[in-house]
Amino acid sequence: KLKERFPHCPVVVGDACSLPFSEASFDVVLTSYVLHLVDDWKKSLQEIHRVLKKPNGIYLACSEDSSQNSVSANLAQLWMACFNDLVDSEVPKAVNDAEIVRELQAQGATVESFSTKEYSENRMLGEYLDGYQDRIQSLYNSIPSDLFERRFEMFLCGVKRRHQEDAVLSRKIRINVHAATWNRRNR
């Protein structure tokens, strides 16, 4: 789909823990909402460091903080109740920005963090759920499709028992950027 949408841009599929690029290939590397999905996110940060040009290469990690209303919080609890037993809990994940920043610093980076935008989002529950399955299923690609479908139906039943379709999900969102640089001495 990406190639269709942006035919003029090269698309490379690879493993975040073993990037298919030579050392010092890029001036800038950007990740956006991705490190929490990588099994060995610390190795991924090492790979990003490896492919950055020294000493002026920069890594930008973008993420968001959000506060949720009770409907949003309840959806998260229902989701976990339906799916957590199917996910490998042994895999370490970056759960928050502080972990990522600490690891970058442990790997010798200087990190500057800032927020770029804050906004509020209000969506009807039905509208939110319409796109939820496809977006979330990709995160759980290790679960067989038929099992995912059954669990997703359990999730929807739980949602419908607890909430009206016109319930509003409200979130306050802040976009964060962490800019990391390494100098030659740190390689």
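For the single chain, residues carry numbers from 1 onward in sequence order.
The OH atom of Tyr59 sits 13.0 Å away from atom NE2 of His49, with the distance rounded to the nearest 0.5 Å. Considering OG of Ser44 and CG of Asp15, their distance stands at 8.5 Å, rounded to 0.5 Å. Distance check, rounded to the nearest 0.5 Å: CD1 of Ile48 to CD1 of Ile58 gives 12.5 Å. Distance CG/Leu156 to CG/Leu129: 6.0 Å, rounded to 0.5 Å. Between atom NE2 of residue His163 and atom CG of residue Asn74 there is a gap of 3.5 Å, rounded to the nearest 0.5 Å.
Side-chain contact between Leu19 and Val12: absent, with no pair of heavy atoms (C-beta onward) separated by less than 4.5 Å. Between Leu169 and Leu125, the closest side-chain pair of non-hydrogen atoms falls below 4.5 Å. Side-chain contact check for Met124 versus Val168: some heavy-atom pair is nearer than 4.5 Å.
Under the rule for a side-chain contact (heavy atoms from CB on, under 4.5 Å), the partners of Ala106 that lie at least two apart in sequence or sit in another chain are Glu103. Applying the side-chain hydrogen bond (donor to acceptor under 3.5 Å, both in side chains) rule to Ser63 yields the partners Asp97; only residues at least two apart in sequence or on another chain are considered. Every residue meeting the side-chain contact (heavy atoms from CB on, under 4.5 Å) condition with Phe26, not counting sequence neighbours, appears here in chain and number order: Phe21, Val29, Val51. Every residue two or more places apart in sequence or in another chain that forms a side-chain contact (heavy atoms from CB on, under 4.5 Å) with Cys62 is listed here: Leu30, Ser32, Val177.
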Kindly determine whether Arg50 and Glu47 satisfy salt bridge (Lys or Arg N to Asp or Glu O under 4.0 Å), including the steps that lead there. CA-CA 5 Å; Arg50 182 185 67 77; Glu47 276 293 281; 3.0 Å; yes
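Connection of Leu60 to Phe114 is established within a shared hydrophobic cluster, with ILVMFWY side chains joined at heavy-atom distances below 4.5 Å, either directly or through further cluster members. Criterion: ILVMFWY side-chain heavy atoms under 4.5 Å apart, direct or through other members. Under it, Ile100 and Val111 are part of a common hydrophobic cluster.
Taking the six-membered ring for Trp and thresholds of 30 and 60 degrees, Phe155 and Trp79 have ring planes more than 60 degrees apart, a perpendicular arrangement.
Pairs passing the side chain to side chain donor-acceptor pair (under 3.5 Å) check and including a residue from residues 166-175, sequence neighbours excluded, read Glu64-Arg171, Asp65-Arg174, Ser115-Arg174, Glu121-Arg171, Asn122-Ser170, Arg174-Asn176. Applying the salt bridge (Lys or Arg N to Asp or Glu O under 4.0 Å) rule to pairs touching residues 70-80 yields nothing, sequence neighbours excluded.
Crowding of Glu112 atom CD: a count of heavy atoms from other residues, nucleotides or ligands under 6.0 Å not exceeding 12.
Taking a 4.5 Å side-chain heavy-atom cut-off between Ile, Leu, Val, Met, Phe, Trp and Tyr, the cluster of Ile175 extends to Tyr33, Tyr119, Ile173.
Shortest non-hydrogen contact noted between Leu52 and Asp27 is CD2-O, 3.7 Å. The shortest heavy-atom contact between Gly57 and Thr181 is O-CG2, 3.7 Å.
Under a 3.5 Å cut-off, the side chain of Gln107 and the backbone N or O of Lys42 do form a donor-acceptor pair.
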